[in-house]
Every structure is written in structure tokens, then in C-alpha cells.
Engineer: 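Before anything else, here's the structure in question.
Throughout, protein chains are lettered first and strands after them, A, B, ... in sequence-line order, and every chain is numbered starting at 1.
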There are 2 protein chains.
Amino acid sequence: MIYSTELIKGTLKTIVLKLLADNKKMYGYEITQRVKELTFDKIQISEGALYPTLHALESEGLLVTEVEYIGKRVRKYYSLSPSGKSKSKEKLSELADFIETMKLLLDLKVKTA
Amino acid sequence: MIYSTELIKGTLKTIVLKLLADNKKMYGYEITQRVKELTFDKIQISEGALYPTLHALESEGLLVTEVEYIGKRVRKYYSLSPSGKSKSKEKLSELADFIETMKLLLDLKVKTA
DNA sequence: TACAATACATCGGAATCTTATGTATTTTCG
DNA sequence: CGAAAATACATAAGATTCCGATGTATTGTA
């Protein structure tokens, strides 16, 4: 099963921040592949979604970049800035909380009062 | 804590279908209030989001309506059509699956290989 | 040597929600 | 009693976010 794309909306920034919190530095393509692996292909981040998001996070001052050359190919590493680290924790606890709330909604057996 | 709005994106249809699966029939305003209650005010569905969604679900043939008058005030009840019932189950298991996947991503302690 | 994979990026358009606005009735509380 | 809040529907402009397509270029593989 691949999730209908709408479900993933709004979680991308959090996923990116979380991965970077766990992995010191990563580059864009690596992030897409890692997410694909970790979710058993259930979540596939498109590049058209990822790169704009990375740029946005960078311009918000949450990420910093360093460029590396692998042969002639450019590789752009992203890592968390100090404010990115706290933002990561923030977004993460918010998502964890949200998930618990959704579980409540999912499991609810509410009869009309 | 009220969730940043982006987090809720994409879950609204599923929430509506689930509520209607549990409650036979509900009207719009009731849905907003029920969600507010059940989530301890953490999720507040705006009317500008809800009504277009209800109309969309109806035009997809997933919901059927019946109008009732409470005094002079109109009340529009929505309930699941047969296809709405199966769609509800579908969306629900997708969301449940998605949540499990997100938990994996959240709890991951992945070191760079 | 062609194809797949790696690696960056942008862009038009679609989908979805926010915020504001509008109308009208009913209830509540000072 | 009268004003405000709650109930109940609805639309519409605009923002955000993502999809799908496209583009460029290098490297690995069969």
C-alpha cells in the first residue's frame, strides 16, 4: 500500500527535521531513499516536494548546508542549526501528540448521546 | 496545544467518514463540535473546511443527506451511502496504517550506516 | 552503450485549508 | 428585555503545500 498523497501533507517538514536530528547530516536524495527504506516503500517523498521544503527550512534558519563534491557531482548536505534542533523537538512532540489524538478518534465507539 | 493546521491536512475526509460510520447520521455543526470534544479542543474543524468537504463527499456519492427543520432553522443530516461505508473502512485502515508507519519514523534511532 | 541510478533543481497546476464574510434563528444571561 | 453567544447553513479569495512533469548532468551497471 502506498498512502494517498494527501495523508502525508503537513508531515514532511517534521520528517525531515527528525531525520536530521538522528543523522547529523544528510543530503536530499539520501532523505528520499531513507524514508522509502524506513517505511518499506509506503512513503515516497517526491523531489518536487522535498527540495522546496529543504530550501524553505534553510531560509527559516533551521538548516545549514555544506556542499561536497563526489567526483564531479555536487552533493549538498543539510544539518540542523541550533534553532533547528529545538524546532525538531517541538515539531516531533507535536506530531506524537497528534498521532495519539488521532488514535483516539480512530478507535472511538461513540453512540449518539 | 492546538495543532499547527498543516498537520491536520488530508485527514478531514477520513475523520468525517469515521464519525458517520459510528453515528449513523450527523449534521455539519455537530461534527465540528464532536471532533472538538473528542480531541479535547486539540482539533477544531473550521466550517470553511468542513462544508466544502461534505459537499464533495456527497457529490462523490459517499454521503446522502436529509433535511430536517428545527423550528425555522434548517438542519442537514449526512449519512453514509453503501459506497461510503466501504470507503470509510478503506480510508480508516489506510490512516491506521499510516499512523503506525509514522510511529516507526518517529521512534527511529538510525545511525548513519 | 544504453539504461538505471544518483543528484540537483524549477514550475504549472491541483488540492486543501484558512480567514473572512454573509444570512438567519435560537438560547442564554445580566 | 435586550444584547451577546451559540447554533446552523454557506461561499469565496487567497495561502500553502504537494504532485507530476521536466530539465540538466554524472556515475554505475548489464
Side-chain angles (χ1 to χ4, degrees), chain A residues 2-17 19 25-37 41-60 62-63 65-78 91 95 98 113, chain B residues 2-17 19 25-37 41-60 62-63 65-78 91 95 98 113:
Chain A
I2 294 181
Y3 303 122
S4 62
T5 58
E6 74 204 25
L7 216 51
I8 303 167
K9 292 201 178 193
T11 59
L12 183 51
K13 279 189 182 179
T14 306
I15 290 173
V16 168
L17 290 172
L19 280 177
K25 67 174 187 178
M26 297 182 84
Y27 54 98
Y29 186 77
E30 187 184 13
I31 292 174
T32 64
Q33 298 308 303
R34 188 66 58 87
V35 170
K36 195 164 175 284
E37 278 170 41
D41 294 10
K42 288 177 176 179
I43 297 181
Q44 299 191 18
I45 297 176
S46 72
E47 296 176 294
L50 181 63
Y51 289 113
T53 297
L54 286 172
H55 300 161
L57 290 172
E58 188 185 3
S59 75
E60 286 174 50
L62 301 175
L63 302 185
T65 60
E66 50 183 306
V67 169
E68 222 174 74
Y69 280 88
I70 308 298
K72 281 177 185 171
R73 191 152 55 192
V74 163
R75 183 179 286 176
K76 202 163 165 188
Y77 277 102
Y78 290 87
K91 290 289 248 174
L95 182 49
F98 176 70
Chain B
I2 294 179
Y3 303 122
S4 61
T5 57
E6 73 203 25
L7 216 50
I8 304 166
K9 292 201 177 192
T11 59
L12 183 51
K13 279 189 182 177
T14 306
I15 291 173
V16 169
L17 291 172
L19 280 177
K25 67 175 186 175
M26 297 182 84
Y27 54 97
Y29 187 76
E30 187 184 13
I31 291 174
T32 65
Q33 299 307 303
R34 187 67 58 86
V35 170
K36 195 164 174 286
E37 278 169 43
D41 294 10
K42 288 177 175 179
I43 297 181
Q44 299 190 18
I45 297 176
S46 72
E47 296 176 294
L50 181 64
Y51 289 115
T53 297
L54 287 172
H55 300 160
L57 290 172
E58 187 184 5
S59 74
E60 287 174 51
L62 302 174
L63 302 186
T65 61
E66 50 183 308
V67 170
E68 222 173 76
Y69 279 88
I70 309 298
K72 283 178 186 169
R73 191 151 57 191
V74 164
R75 184 180 286 178
K76 202 165 168 187
Y77 278 101
Y78 291 87
K91 291 288 250 176
L95 183 49
F98 177 70

Engineer: Does D:dC9 have OP1 or OP2 sitting under 4.0 Å from an N or O in the side chain of B:Tyr51?
Structural biologist: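 So the side chain of B:Tyr51 is within the cut-off, an N or O lying under 4.0 Å from OP1 or OP2 of D:dC9.
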Engineer: Taking NZ from A:Lys36 and P from C:dA7, how many angstroms apart are they, rounded to a whole number?
Structural biologist: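 Interatomic distance, NZ of A:Lys36 to P of C:dA7: 14 Å.
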Engineer: Does A:Lys76 have any salt bridge (Lys or Arg N to Asp or Glu O under 4.0 Å) partners at least two apart in sequence or in another chain, and if so, which?
Structural biologist: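 None.
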Engineer: Find the distance A:Glu30:CD to C:dC8:P and express it as a whole number of Å.
Structural biologist: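 So the two atoms are 9 Å apart, to the nearest Å.
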Engineer: Measure across B:Glu30 and B:Lys25 and return the closest heavy-atom pair with its distance rounded to 0.1 Å.
Structural biologist: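 Smallest interatomic distance, heavy atoms only, reads OE1-O, 4.3 Å.
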Engineer: Applying salt bridge (Lys or Arg N to Asp or Glu O under 4.0 Å), can you list everything that pairs with B:Lys9, at least two apart in sequence or on another chain?
Structural biologist: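 If we apply the salt bridge (Lys or Arg N to Asp or Glu O under 4.0 Å) test to B:Lys9, skipping adjacent residues, there are no hits.
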Engineer: At 10 degrees resolution, what angle do the end axes of the helix from C:dT1-D:dA30 to C:dG30-D:dC1 form when each is taken over five base pairs?
Structural biologist: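 Taking the rotation axis at each end, their angle is 30°.
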Engineer: Under 4.5 Å between any side-chain heavy atoms of B:Ile15 and B:Ile31, yes or no?
Structural biologist: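 Of all side-chain heavy-atom pairs linking B:Ile31 with B:Ile15, none is under 4.5 Å.
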Engineer: Go through the structure and list residues passing side-chain hydrogen bond (donor to acceptor under 3.5 Å, both in side chains) with A:Glu60, not counting sequence neighbours.
Structural biologist: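 Listed in chain order: A:Lys13.
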Engineer: According to salt bridge (Lys or Arg N to Asp or Glu O under 4.0 Å), who are the partners of A:Glu58, at least two apart in sequence or on a separate chain?
Structural biologist: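 Applying salt bridge (Lys or Arg N to Asp or Glu O under 4.0 Å) to A:Glu58 gives none.
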Engineer: Just how far, in rounded Å, is C1' of C:dT27 from CZ of B:Arg75?
Structural biologist: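 It is 13 Å, rounded to the nearest whole Å.
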Engineer: What nitrogen or oxygen pairs link the protein and nucleotides 14-18 of chain D at under 3.5 Å?
Structural biologist:
unit_1	atom_1	unit_2	atom_2	d
D:dT17	OP1	B:Glu6	OE1	3.2
D:dC18	OP1	A:Gly10	N	2.9

Engineer: Would you kindly compare B:Pro52 and B:Tyr29 by the position of their nearest DNA chain D nucleotide and give the one closer to the 5′ end?
Structural biologist: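 First, find each residue's nearest nucleotide; the 5'-ward one identifies B:Tyr29.
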Engineer: Protein within reach of the bases, or only the backbone? For nucleotides 22-30 of chain D, mark each nucleotide 5' to 3' as B, S or -, using heavy atoms under 4.0 Å.
Structural biologist: ----BS---
Engineer: Could you tell me the separation between the OH atom of A:Tyr77 and the C1' atom of C:dA7, rounded to a whole number of Å?
Structural biologist: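 Nearest whole value for this atom pair: 12 Å.
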Engineer: Using the test side-chain hydrogen bond (donor to acceptor under 3.5 Å, both in side chains), find all partners of B:Tyr77 that sit at least two apart in sequence or belong to another chain.
Structural biologist: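 In terms of side-chain hydrogen bond (donor to acceptor under 3.5 Å, both in side chains), with neighbours along the sequence ignored, B:Tyr77 is linked to B:Arg75.
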Engineer: Rounded to whole Å, how long is the line connecting atom CD of B:Glu68 with atom C1' of D:dT7?
Structural biologist: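 After rounding, the gap between these two atoms is 15 Å.
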Engineer: List the atom of A:Ile45, the atom of A:Thr32, and the distance in Å for their closest heavy-atom pair.
Structural biologist: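 Heavy atoms of A:Ile45 and A:Thr32 come nearest at O-CG2, 3.7 Å.
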Engineer: Under 4.0 Å between a side-chain N/O of B:Tyr27 and OP1 or OP2 of D:dC9, yes or no?
Structural biologist: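 Checking D:dC9 against B:Tyr27, no side-chain N or O comes under 4.0 Å of OP1 or OP2.
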Engineer: Going by the rule ring pair (Phe, Tyr, Trp, His ring centres under 6.0 Å), which residues pair with B:Phe98 if we only count those two or more places apart in sequence or in a different chain?
Structural biologist: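 In terms of ring pair (Phe, Tyr, Trp, His ring centres under 6.0 Å), with neighbours along the sequence ignored, B:Phe98 is linked to A:Tyr3.
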Engineer: Taking only residues at least two apart or on different chains, which pairs with a member in residues 43-54 of chain A satisfy salt bridge (Lys or Arg N to Asp or Glu O under 4.0 Å)?
Structural biologist: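 Not a single pair qualifies under salt bridge (Lys or Arg N to Asp or Glu O under 4.0 Å).
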Engineer: Measure from CG on A:Leu50 to P on C:dT6 and round the result to the nearest Å.
Structural biologist: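 So the CG-P distance, A:Leu50 to C:dT6, works out to 15 Å.
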Engineer: For A:Gln44 and C:dT6, give me the distance from atom CD to atom P, rounded to whole Å.
Structural biologist: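 That distance rounds to 13 Å.
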Engineer: Can you see which heavy atom on A:Leu54 is nearest to which on A:Leu63, and at what distance?
Structural biologist: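 What the structure gives for the nearest pair is CD2-CD1, 3.8 Å.
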Engineer: B:Gln33 side chain: which of D:dA10, D:dT7, C:dA9 is closest?
Structural biologist: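 Within the option list, the nearest is D:dT7.
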Engineer: Does A:His55 have a side-chain nitrogen or oxygen under 4.0 Å from the phosphate oxygens OP1 or OP2 of C:dT10?
Structural biologist: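 Checking A:His55 against C:dT10: at least one side-chain N or O falls below 4.0 Å of OP1 or OP2.
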Engineer: Tell me which donor-acceptor pairs under 3.5 Å the side chains of residues 66-73 of chain B have, and how far apart each pair is, sequence neighbours excluded?
Structural biologist:
none

Engineer: Tell me: NZ of B:Lys76 to P of C:dA24, nearest whole Å?
Structural biologist: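 About 18 Å, once rounded to whole Å.
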